Amino acid sequence: MATPKSNKTNKNHILFRYGLITIAFIMFALTIAWKLVTATIIEAPAWNERARKELSTVTVIAPERGNILASNGNILACNLTVHDVKIDLRHDKIKKLTVLPWASIDSLADSLDIYYPRVADLRKDRATYEKYSWHTRFREEFAKDPDKRNRALNLARKKTIDDYNRIKNFPFLRNFRGRGSRCPVYKEDRNIRIYPYGRMASRSIGRVNETKESNEIHGYSGLEAALDTLLYGSPGLAKRVALNSGFSNWVSKPAVRGFDIHTTIDIDLQDMLEEELLSVCRESGAEWGTAILMEVATGEIKAISNVENLGNGVYGEALNRAVLPFEPGSVMKPISLMIAFEDGLVHSVEERVDCSPFQRTTDPHAPSVKTMKQVIEMSSNTGIARVIFRRYAQKPEAFHDRLASIGFFEPMKTGIAGECVPRVRRLVDRDGNGNNITLTSRHLDLARQAYGYNTEIPPLYTLSYYNAIANGGKYVRPHLVRSLTDENGRDSVMPITYIRDSICSRKTANKVKQCLHEVVWGEHGTARMVRDDRVKVVGKTGTAYPVRSDGRGYDVSRRRYAFAGFFPYETPRYSCMALVLAPGGTSANRTSGQVVKNIAVKMYSRGMLKIPSTYTESPSPTIPVLAASEQYDSKALTGALGLKSVRKVKAPKAAKNGEVPDVVGYDAPTAVSILERAGLNVKLRGSGRVVSQSPAAGTPLERDGSITLSLRL
C-alpha cells in the first residue's frame, strides 16, 4: 500500500511531464505563429513573386505535323512516335546488389548484340566486337563507383513499343518489375518524320529539321518547306495553375494539328520516271539530270525527278533543278514561233524564210530557205531569229514585254521550294550607268534570245508553255497540291487555275504542234530516235553549253541536252521534259529524248494513255506454248487446263551480245519483252506465237531499230 509521501511524489512527476508537454506545444505553436508572420508579412513579397512566376509559366504545346500524301492516298511523309529505351544504372534496385549477377548481365549483353547492336558491322572482326559489344560497355559502367554510373544509358534508339517490351524481358532486366520510378528500365518518347518511299521524289517532297531557336520541327526543302505553315499547324498553350494537391498544367489553348497535304504525285509514274532518267544518266555518264511529267488538262505534276552523279558512277537525289534557271537552247524556238504566229509575223507552217547567215549566226542545215516546219524540224537558229526580227528589230525591248504579256515572268506558286522565275534581259538602249547600248549589240542579243541563249528559264517554265500549246493555248498553272485535309477530316480541294486563260489561239497552237511533229517524225527531224509507233511523241530538242566555273565563256566539253514535248500527238494527255548535263559527243535525241519516249511507251503498255489496243477485244483461244527445256507432265497439264493438247516447240537459242535475239516459238508478250530490253521497237503481225522474225536472229543489233514479228495460232 502506497504511503502518502509516495503518492505525492508520483503526482509531482506527472505534473512535471505535463508541464514539459505543455511547454513543447506552446513552443511549437509559437514557431507556427512566427512562420505565419514571416511568410505573410516579412517574406510576403518574395513568396508572392515566386508564386507569380510559377503561375505565369506558360508551356508551348507542339502541334502534330500534317502528312503528305500521294494522289492515290499513299503516305509520302508522316509522323511516327518512337521510343528511346534507357536504363538507370544508379537506380536503388541496382545499387543495392552486393554481388553482380554477371551470368545474367552477359546474357543481356548477348541479347542486345543480336537485336540492338551498337554498330551495324559488330562482328566484322574481333577488334570491332571487343570495342563495341555490349559486354564491353556494361563492364565499363559496372566498374565505376555506383554513384557515378550512367543514369540514362541508351539501350536502343527510335524503337517501337514492342521493342521496349522485348527489352524489358531480356535477362537481368526481367528481374526489375514495376512502373515509373520503381523500374530502372524506362523509355523516352519522341516524334520523328518518316518517308515510307525513301529517296523517291525526296527533293520535291522535302525534308524537315529542328530549329535551334525554338526546337520546333520545320521543313527546309521541297513541299515540307514551301507548305510549312500549313503542315506545321498551330501550337497550343498550357498554364500553371494551383490545385489542392499542388501545381499542374492547364491547357488554355489546345494545339491544332497541321493539314494533311494531298499531292498530285503518282507513285507509279514517279517510279517509272526516276528509273528512266537514272538509266539515261548512267549510259551517257551525265553529271546530273532532271525530268518532269505533267497532265496537260489540269497542270497536275504527276512525277518529278532529280538525279546527280555523286562520284564513281553512283547516282542519288540532289538539287531540284526543275525549278532552277538555265539557258534553254533550242527548246525556246517553238515559244518564239508561237509569238510570231500570234503576232502575224508568219501565217502558215509552209511559209518560207531566208535562213542564210544572220547576226553572227550560221545555219549548217540545208536548204538556205526553209518553211516554218523545217525551221523547227532542223532547228534553224537564223530562221527563227529572222522571223522575230520582222517586228522586234527596231524595238528589241518589246520582245521582253511580249514575253511578259503571256505570263512568262510570273511566279507559278507550284508548292515547290526554291522556285525561280525566268531571267530574260530587257534590251534597253542604256545600261544601269546611263551608257548607250548600240542597236547592233541589242540586235545580237535579241537574235540569241529568240533561239534560247542569253536567257535563263527553269525547265518547269519551259514545260508549262509546251503544255499550253498541247492544251490549245490554255496556260494552266502547274501545281503539286491537289487538296488539304484538316484535323476534323474536312477537305479543301484546290481548284485548277490559269496563269493566263489563253496565251495564243487554238489555231496558233495547232500550227506549232504541226511543227513539233516534224522534229520527231519528219525526214530531217533532230529527234527521229524518239519515234515509236505505239505512241506518237512530239516535241523539240535543245542543246546549250554550260558557263565555265570561272564565268569566262562556255565550257565546250559538256552540254545540257533538253527535250520537251507531249503525247499522244492527236489527243495530248501528258507533257514531259527532261534536261541532262553530260559530256559532249552525244545528243538530246539520245539522252533526254529517250527519257520522254520511254516513259510514254511504259505508260502506253500499262494502259494509262487510253489509246485503243492493237489486239482484238475477243482474241481466239490459243494452245499454250512451252519451251522444250521446261519439264512438265503433259497429261496432268492438259487435264488441269481442260485442253486436248499442249504444243511443244524448240527452245530459242540465247542471243550473243550485239546480235538480234531469237524469239521464234515465244508467245507475243514474252517476245516483245525480250526485244524491247534489247532496245528494239517491235511490230506485230497476226496473233498467237512467233513463227518468223525480220531481221533474223543473229543479225547485228541496231539499237532503237525496228523488228517485225509474224504470229500464227
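The model shown is predicted, which means the values in this text are computed figures rather than measured ones. The figures here come from the full heavy-atom set of this structure, side chains too, leaving out hydrogens, waters and symmetry mates. Along the sequence shown, residues are numbered consecutively beginning with 1.
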Quiz item: Quick one: does Arg123's side chain get under 4.5 Å of Asp113's, heavy atoms only?
Solution: yes
Self-check item: Between CD1 on residue Ile265 and CG on residue Asp271, distance to nearest 0.5 Å
Solution: 12.5 Å
Practice problem: Work out which heavy atom in Val476 is nearest to a heavy atom in Ala297; give both atom names and the distance. | Solution: CG2-O, 4.2 Å
Self-check item: Worked verdict on Val596 versus Met577 for side-chain contact (heavy atoms from CB on, under 4.5 Å)
Solution: CA-CA 7 Å; Val596 179; Met577 179 174 179; 6.0 Å; no
Practice problem: Using modelled atom types only, decide if a donor and an acceptor are shared between the side chain of Ser464 and the backbone of Tyr461 within a distance under 3.5 Å. | Solution: yes
Self-check item: Exam field: side chain Thr264 to backbone Ile301, donor-acceptor pair closer than 3.5 Å
Solution: yes
Self-check item: Interatomic distance, Leu324 atom CG to Glu456 atom CD [nearest 0.5 angstrom]
Solution: 10.5 Å
Quiz item: Quick check: are there more than 12 heavy atoms from other residues, nucleotides or ligands sitting under 6.0 Å from OH of Tyr132?
Solution: no
Exercise. Step through it carefully: locate the ring centre of Trp288, locate the ring centre of Phe326, and say whether they are under 6.0 Å apart.
Key: yes
Quiz item: Just by distance, do the side chain of Asn79 and the backbone of Asn191 share a donor-acceptor pair under 3.5 Å?
Solution: no
Quiz item: Which pair of non-hydrogen atoms, one from Leu273 and one from Cys576, has the smallest distance, and what is that distance?
Solution: CD1-SG, 4.4 Å
Quiz item: NZ of Lys86: more than 12 outside heavy atoms within 6.0 angstrom?
Solution: yes
Exercise. Assess whether side-chain contact (heavy atoms from CB on, under 4.5 Å) is satisfied between Asn74 and Tyr197, documenting all intermediate values.
Key: CA-CA 10 Å; Asn74 287 358; Tyr197 287 92; 2.9 Å; yes
Quiz item: Ala291 and Val595: which non-hydrogen atoms are nearest, and at how many Å?
Solution: CB-CG1, 4.4 Å
Quiz item: With a 4.5 Å heavy-atom cut-off, do Pro63 and Val256 have their side chains touching?
Solution: no
Quiz item: Checking side chain to side chain donor-acceptor pair (under 3.5 Å) for the pair Glu224/Tyr195: CA distance, chi angles, key distance, verdict?
Solution: CA-CA 12 Å; Glu224 294 275 26; Tyr195 303 89; 2.9 Å; yes
Quiz item: Is the closest side-chain heavy-atom distance between Lys187 and Ile161 below 4.5 Å?
Solution: yes
Self-check item: Qualifying residue for side-chain hydrogen bond (donor to acceptor under 3.5 Å, both in side chains) with Asp88, from Arg149, Lys95, Lys93, Arg151
Solution: Arg151
Self-check item: From Glu64 atom CD to Leu231 atom CG, the distance as rounded to the nearest 0.5 Å
Solution: 11.5 Å
Quiz item: Do the non-hydrogen side-chain atoms of His218 and Tyr232 ever get within less than 4.5 Å of each other?
Solution: yes
Exercise. Identify, with sequence neighbours excluded, every residue that meets side-chain contact (heavy atoms from CB on, under 4.5 Å) alongside Val547.
Key: Tyr554
Practice problem: Examine distances only and state if a side-chain atom of Tyr220 and a backbone atom of Asn209 form a donor-acceptor pair shorter than 3.5 Å. | Solution: no
Self-check item: Salt bridge present between Asp163 and Arg157 (N-O < 4.0 angstrom)
Solution: no
Quiz item: Looking only at heavy atoms, what is the nearest atom pair of Phe176 and Leu97, with distance?
Solution: CZ-CD1, 4.3 Å
Quiz prompt | Test: Lys302 and Asp268 ion pair at under 4.0 Å | solution = no
Practice problem: Evaluate the side-chain contact (heavy atoms from CB on, under 4.5 Å) criterion for residues Leu277 and Ile599: first the C-alpha distance (whole Å), next the side-chain angles of each, then the deciding distance (0.1 Å), finally the verdict. | Solution: CA-CA 9 Å; Leu277 181 62; Ile599 190 71; over 6 Å; no
Quiz item: Between the side chain of Asn471 and the main-chain N/O of Gly473, is any donor-acceptor distance below 3.5 Å?
Solution: no
Quiz item: Asp121 side chain to Lys124 main-chain N or O, any donor-acceptor pair under 3.5 Å?
Solution: no
Quiz item: Does Lys144 NZ have over 12 foreign heavy atoms under 6.0 Å away?
Solution: yes
Quiz prompt | Side chain Ser592, main chain Phe563, donor-acceptor under 3.5 Å | solution = yes
Quiz item: Could you go step by step and tell me if Arg482 and Asp491 meet the salt bridge (Lys or Arg N to Asp or Glu O under 4.0 Å) rule?
Solution: CA-CA 10 Å; Arg482 177 179 289 175; Asp491 289 334; over 6 Å; no
Practice problem: For the residue pair Tyr116 and Phe170, establish whether any side-chain heavy-atom pair is separated by less than 4.5 Å. | Solution: yes
Practice problem: Take Thr414 and Leu480 through the side-chain contact (heavy atoms from CB on, under 4.5 Å) test and state the conclusion after the steps. | Solution: CA-CA 6 Å; Thr414 57; Leu480 263 177; 5.5 Å; no
Quiz item: Are the side chain of Trp134 and the backbone of Ser111 linked by a donor-acceptor contact shorter than 3.5 Å?
Solution: no
Quiz item: Short question: side chain of Tyr465, backbone of Phe408 - any donor-acceptor pair under 3.5 Å?
Solution: yes
Practice problem: For Leu460 and Pro478, work out which heavy atoms get closest and say how close. | Solution: CD1-CB, 4.3 Å
Quiz prompt | From CG (Leu89) to CZ (Phe142), nearest 0.5 Å | solution = 5.0 Å
Self-check item: Taking every non-hydrogen atom, the tightest pair across Ala77 and Pro196
Solution: N-CD, 4.3 Å
Quiz prompt | Residue pair Asn598 / Lys602, side-chain heavy-atom distance below 4.5 Å | solution = no
Quiz item: Near Asn72 CG, under 6.0 Å, is it more than 12 heavy atoms from other residues, nucleotides or ligands?
Solution: yes
Self-check item: Any Ser234 side-chain heavy atom under 4.5 Å of Lys253 side chain
Solution: yes
Practice problem: Flag yes if more than 12 heavy atoms outside Asn312 fall under 6.0 Å of its CG atom; otherwise flag no. | Solution: no
Quiz item: Between CZ of Arg490 and CZ of Phe259, what distance do you get to the nearest 0.5 Å?
Solution: 8.5 Å
Quiz item: Do any N or O atoms from the side chain of Tyr115 and from the backbone of Ile167 form a donor-acceptor pair under 3.5 angstrom?
Solution: no
Quiz item: Considering only heavy atoms from C-beta outward, does the side chain of Lys131 approach that of Val119 to under 4.5 Å?
Solution: no
Quiz item: Rounded to the nearest 0.5 Å, how far does CZ of Phe409 lie from CZ of Arg426?
Solution: 10.0 Å
Quiz prompt | From CA spacing to verdict: side chain to side chain donor-acceptor pair (under 3.5 Å), Thr485, Asp260 | solution = CA-CA 5 Å; Thr485 303; Asp260 285 342; 5.6 Å; no
